[in-house]
Amino acid sequence: MEYRPAELDAKWQARWKAEQPFAAAFPSEKPKFYVLDMFPYPSGAGLHVGHPLGYIASDILARYMRHRGYNVLHPMGYDAFGLPAEQYAIQTGQHPAITTETNIQRYREQLDRIGFSFDWSREVRTCQADYYGWTQWIFVQLFHSWFNVSTQKAEGIERLVAHLAKNGTKDLHAAHHGEPSCTAQEWANMDSKQREELLQHYRMAFRSDSVVNWCPALGTVLANDEVVDGRSERGGHPVVQKPMLQWSLRISAYAQKLLDGLDTLDWSDSIKETQRNWIGRSQGARVRFALPSLSESALEVFTTRPDTLFGVTFMVVAPEHPLLDVLTSQAQRNEVMAYREQASRRSERERQADTKTIGGAFTGAFATHPFTGAPIPLWTSDYVLMGYGTGAIMAVPAHDSRDHAFALHFGLPIVEVVAGGDVQVASHDAKEGTLIHSDFLNGLEVSDAIEQAIQSLASRNLGERRIQYRLRDAVFGRQRYWGEPIPIVYREGVPETLPLDQLPLVLPTVDAYLPTEDGEPPLARAQGWQSAEGLPLETTTMPGWAGSSWYFLRYMDPQNPARFADREKMDYWGQVDVYVGGSEHGTGHLLYARFWSHFLHDIGCIPMAEPFKKLINQGMIQGVSAFVHRLEGTQTFVSADAVNGRKTQKIHVDVSLVLGDDTLNTQEFKDWMPAFSDALFEPKEGPILLEREVEKMSKSKHNVINPDAICAEHGADALRLYEMFLGPLEQAKPWDTKGLSGVTGFLRKVTRLLSKRADAPADKGELKTLHKLIEKVEKDMSTLSFNTTVSAMMIAVNEWSSLSQLSTQTLKDFAVLLSPLAPHLAEEMWETLGEMHGISQAPFPVLKAEYLVEDNQQYPVQFNGKTRFFVHVPQGTPPAEVESLIRSHEKTEGYVEGKIIRKIIVVPGRIVNVVIG
RNA sequence: GCCCAGGUGGCGGAAUUGGUAGACGCGCACGACUCAAACUCGUGUUCCCCUGGAGUGCGGGUUCGAUUCCCGCCCUGGGCACCA
């Protein structure tokens, strides 16, 4: 048999398409295994070799688990709503659905070419109404829920309403924003509009006037993670801060549960840490400082260091703080207002870029220290943020570096309260030490002092223990067309959800994909954009992450018209066992999907709170860019070794124009772009040496390698093996097409093994090789270390290649071992060896330890830790015997050289070390 | 600035409850086949001042023995960033 990958790929891909051997069964007696890839956004550029890396790994695992007897769910779909298709629609007028469909076709062709074992009968697309109707359904559930802090669960809003009717907001422990409050009497007297206004402060999906990232060029609001350096992530347009009435989801209610849930997950430490940082839990206290000038009010602050209360020498409120206006004294008014004006003009970007400049103003007001009663001067400065804590802080310059810098700048006193360090020079931020100058806290360690301070505050009603989170509620409305319509209607301006029987609320046709003249979102252009009742519909759409927050559930029951997924099916499939995707989704998608799962679990819709048990973040495959030097201001291109210090520009050259020895194909370069058609070269007759550099793989860097091209030339199995062989899955690594010859050589060798087939029983060495390999493959599959699996297979094949014959059984067993990685060749071998049915469900060969036992044991013999020679002894020789063998060994004397043997260490089965000196 | 991950030949990388550093592959060199080239096969390939010595980012330490453990630094990648 000769190795002809193109024929094998076509033959077996057609067979799989016809026979559907990868369809997941339900119901099934088998144990389940759910392997999921992060589904792609189908971009117009198609896939490059970096994209399938994770898909190949998950496919190997899926195929392996089928051999191990599992019922495997391994689906694929498309995250199909998104900005690029909409941008294209704005430019060309082509409906985004058409663009998206075209791109999906292209993706599908590319994916099919690689031979994945996806169950395509379960494909989902987030942009299809039979899918997004359920996204809308979940939104409706969010709208009708609130978060009960006492039970730590989301509950139906009617329970909250009942509480309000009975007690008002008294004794209500509910996640909320703002300062909602009413009595039962007041609630009773409210009309429906007033009630809804109050309820909005509690709903899991709610509208609030929040400051958003408004991008005028795109006519839309962007999420924080879509804004990079004050510009839109896509397109790089300027972004400004603007208050706007926005739909949001109350993810902040789940901060603690999202934090606690991490402990149950098998994710990398780095991604868990990223999520912990994002949630940003701080433990401390709320402290109220009385404001004598406003007899009823107090200034509330949050601090993680209530132990340092006696070191407070001033306080700072954010320039946007609501009390700033009333607090400021007449004498200071001009200065404070000038500072506030100046601070408001600084954009978020400037404030971030410049954290060194210290600015602020004294308000002329004083607060009263809760313990000493001393007057504390009140300042304002933009280093205090309105969006975190209470927007006000107690400043302890001795033990906080920012407060310290502020105190130095404005000449404010610095009082040391935790011993150690010279606090006049630099703040002493350490969280351990002994309290001094602190009245009843003197002599206590920091941690004890924190406890004492909190208890004392609480007993005098001056404050209480408090946990603060950085995590903000997620803005959910987008001023865009190509997204899920939000199923809300307005009755006299009061939002209510569309009746469930009117879902899906289908995206309407519009005459243009732009905002209206008066700045309304594109949906406002739709004719008759109103409910059956004639009520106006919401015009914003959901963000990109809505559809991706629950798609893993729909795969379990993709066509169900009655519910998003059948409960029995969800009970069977349960958590995603292994989820593979890029770490760039660490704080976005992975946090939102966890939030939705926790919520759906709380309201009894799904069996598990955490959706993804084990997470693997595949690393990037980088491109190796090529650059040619061009003499500045000329069209002369110089070989990299002939620049000689002259001024040149480095220009990206498409990697297809690079010849084997890193020189430029000058003729094709001239044809590549019109601008280079009259290029001159130095030296004239070449070669023109290029510079190479590892960068991110992208079209603009002209270093993209297309998987189709690799498959066409070397076959899908070679691509699959090589991507895995490149290195550990999680690690970033550069692509080097030259290395492919290693794995194609391996596949050819495998094919040649078939000619050694003999019907004689397997020989001992042959079996030892086989079982060593089984052991290694099993071990690697549990850690997804497929790079070493490929090496191990190469070693086994090299060993077998030196034998004169191989048993049919060994060849069959090897075909199954190979099948997850190189399924096309494995199927062909399987068939050649006489099997009638496909290999995909063939049982995995059973490891037999007896074949691994060695007769002899080799000991490396070290002298003072340096290996000098080896001795061979029968397996299980007692250490004492090994030692005496070494003592009398002919080579020993030469290394001892007149010194004394102090000790001989024999590690059984491992090593011998002779200590001399 | 803080947090996380990592640093091993010319290159991708292998080996960590401490036990032969450099598996496997690329590249390179030489040889066989060939009129020749490609393919294929075989041999060699960490470095050096080569009977020996050095060596896993750098400097220390623990140990009979350290890529692996400890302390201090440097560098690269990623995340967060006036978060009280």
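- Using the Watson-Crick or G-U wobble rule with both distances under 3.5 Å, B:G6 pairs with B:C75.
- Look at CD on A:Q731: it is 5 Å from P on B:G13, rounded to the nearest Å.
- Between the CD atom of A:Q862 and the P atom of B:G65 there is a distance of 10 Å, rounded to whole Å.
- When both pairing distances are held under 3.5 Å, B:C64 makes a Watson-Crick or G-U pair with B:G19.
- Of the candidate nucleotides B:C4, B:A84, B:G53, B:A84 has the atom lying nearest to any side-chain atom of A:I393.
- Of all nucleotides listed (B:G79, B:A84, B:C24), B:A84 comes nearest to the side chain of A:V384.
- When only modelled atom types and interatomic distance are considered, A:R281 and A:Q468 share no side-chain donor-acceptor pair under 3.5 Å.
- For A:R692, the CZ atom sits in a packed shell: over 12 heavy atoms of surrounding residues, nucleotides or ligands are nearer than 6.0 Å.
- Comparing B:U45 with B:C24, their P atoms are spaced 12 Å from each other, to the whole Å.
- Residue A:L726 places its side chain closer to B:G12 than to any other of B:A81, B:G12, B:G25.
- Along RNA chain B, the nucleotide nearest to A:T867 and the one nearest to A:G739 differ in position, and the one closer to the 5' end is contacted by A:T867.
- Within the nucleic acid shown, A:D403 has no heavy atom closer than 4.0 Å to any nucleic acid atom.
- Residues A:V750 and A:F814 share a closest heavy-atom pair of CG1-CE2, 3.7 Å.
- Comparing B:G27, B:C41, B:U20 by their closest approach to the side chain of A:K738 singles out B:G27.
- Between A:Y469 and A:S252, every side-chain heavy-atom pair lies at or beyond the 4.5 Å cut-off.
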**Q.** A:D403 and A:Y383: CA distance, side-chain angles, deciding distance, side-chain hydrogen bond (donor to acceptor under 3.5 Å, both in side chains) verdict
**A.** CA-CA 9 Å; A:D403 296 345; A:Y383 84 90; 2.7 Å; yes
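- Contact between the side-chain N/O atoms of A:S282 and the OP1/OP2 oxygens of B:A84 is found at a separation under 4.0 Å.
- One can place CG of A:L719 at 20 Å from P of B:G25, the figure rounded to the nearest angstrom.
- A:I905 comes within contact range of at least one nucleobase, with a heavy-atom separation under 4.0 Å.
- Residue A:R868 is in sugar-phosphate contact alone, with no base atom involved, counting any heavy-atom pair closer than 4.0 Å across all strands shown.
- Taking the P atom of each, B:U67 and B:G55 are spaced 10 Å apart, rounded to whole Å.
- Comparing B:G19, B:C3, B:U20 by their nearest atom to the side chain of A:R910 picks out B:G19.
- Of the candidate nucleotides B:G12, B:C26, B:A81, B:G12 has the atom lying nearest to any side-chain atom of A:K733.
- Within the shown strands, B:G1 is the pairing partner of B:C80 under the Watson-Crick or G-U definition, both distances less than 3.5 Å.
- Contacts of A:A732 with the nucleic acid, taken as non-hydrogen atoms under 4.0 Å apart, involve only primed sugar atoms and P, OP1 or OP2.
- Between B:G53, B:C3, B:G19, one nucleotide has an atom nearer to the side chain of A:E273 than all others, and that is B:C3.
- Summarising the base pairing, B:C50 is matched to no nucleotide, lacking a Watson-Crick or G-U wobble pair whose two defining distances lie under 3.5 Å.
- Taking 3.5 Å as the limit, the base of B:U20 and the side chain of A:Q858 contain a donor-acceptor pair of atoms between them.
- If you check every strand for non-hydrogen atoms under 4.0 Å, A:K272 touches nothing.
- For B:C2, neither phosphate oxygen OP1 nor OP2 lies less than 4.0 angstrom from any side-chain nitrogen or oxygen of A:N277.
- Rounded to whole Å, the C1' atom of B:A37 lies 15 Å from the corresponding atom of B:A32.
- Here, B:A38 and B:C47 have their P atoms 25 Å apart, quoted to the whole Å.
- Seen from the ring of A:W267, A:R594 counts as a face-on cation partner, given the 6.0 Å and 45° thresholds.
- The gap from the P atom of B:G61 to that of B:G52 amounts to 28 Å, rounded to the nearest Å.
- More than 12 heavy atoms of other shown residues, nucleotides or ligands fall within 6.0 angstrom of atom CD in A:E695.
- Closest approach to the A:D269 side chain among B:A5, B:G19, B:C41 is made by B:A5 (side chain taken as heavy atoms from C-beta onward).
- B:A32 is paired with B:U40 under the criterion used here, namely a Watson-Crick or G-U wobble arrangement in which both key atom distances are under 3.5 Å.
- Base engagement by A:F870 is indicated by at least one non-hydrogen atom pair under 4.0 Å involving a base atom.
- If you check every strand for non-hydrogen atoms under 4.0 Å, A:R902 touches nothing.
- The phosphate of B:A5 (OP1 or OP2) has no side-chain N or O of A:N617 nearer than 4.0 angstrom.
- One C1' atom belongs to B:A21, the other to B:A66, and the distance between them is 11 Å to the nearest Å.
- Nucleic acid contact class of A:S270 (heavy atoms, under 4.0 Å, all strands): sugar-phosphate only.
- For the pair A:T789 (side chain) and A:D780 (backbone), a donor-acceptor distance under 3.5 Å is absent.
- Each of A:K903 and A:T788 was matched to the nucleotide of RNA chain B holding its nearest heavy atom; the match closer to the 5' end belongs to A:T788.
- The minimum heavy-atom distance between A:I414 and A:P397, with the atom names listed, is CG1-CB, 3.9 Å.
- Set against B:G25, B:A14, B:G12, the side chain of A:P728 has B:A14 as its closest nucleotide.
- Against the 90° criterion about 0, the sugar-base torsion of B:G18 places it in the anti range.
- Look at A:R276 and you won't find any side-chain N or O under 4.0 angstrom from OP1 or OP2 of B:C4.
- Using a 4.0 Å heavy-atom distance criterion, A:N864 is classed as making no nucleic acid contact.
- Picking from B:G19, B:C82, B:C24 the nucleotide with the shortest atom distance to the side chain of A:M794 gives B:C24.
- Put simply, A:Q468 has no side-chain N or O that comes within less than 4.0 Å of OP1 or OP2 on B:A84.
- Look at the C1' atom in both B:G60 and B:A5: the space between them is 25 Å, to the nearest Å.
- Within the nucleic acid shown, A:R281 has no heavy atom closer than 4.0 Å to any nucleic acid atom.
- For the C1' atoms, the distance linking B:A14 with B:G1 amounts to 37 Å, nearest Å.
- At a threshold of 4.0 angstrom between heavy atoms, the contacts of A:S741 are confined to the sugar-phosphate backbone, with no base atom among them.
- The six-membered or imidazole ring of A:W735 lies near that of A:Y722, with a centre-to-centre distance under 6.0 Å.
- In this structure, B:G12 and B:C24 make a Watson-Crick or G-U wobble pair, each of the two defining distances being under 3.5 angstrom.
- The base of B:C64 sits with one of its N or O atoms less than 3.5 Å from a complementary donor or acceptor on the side chain of A:N913.
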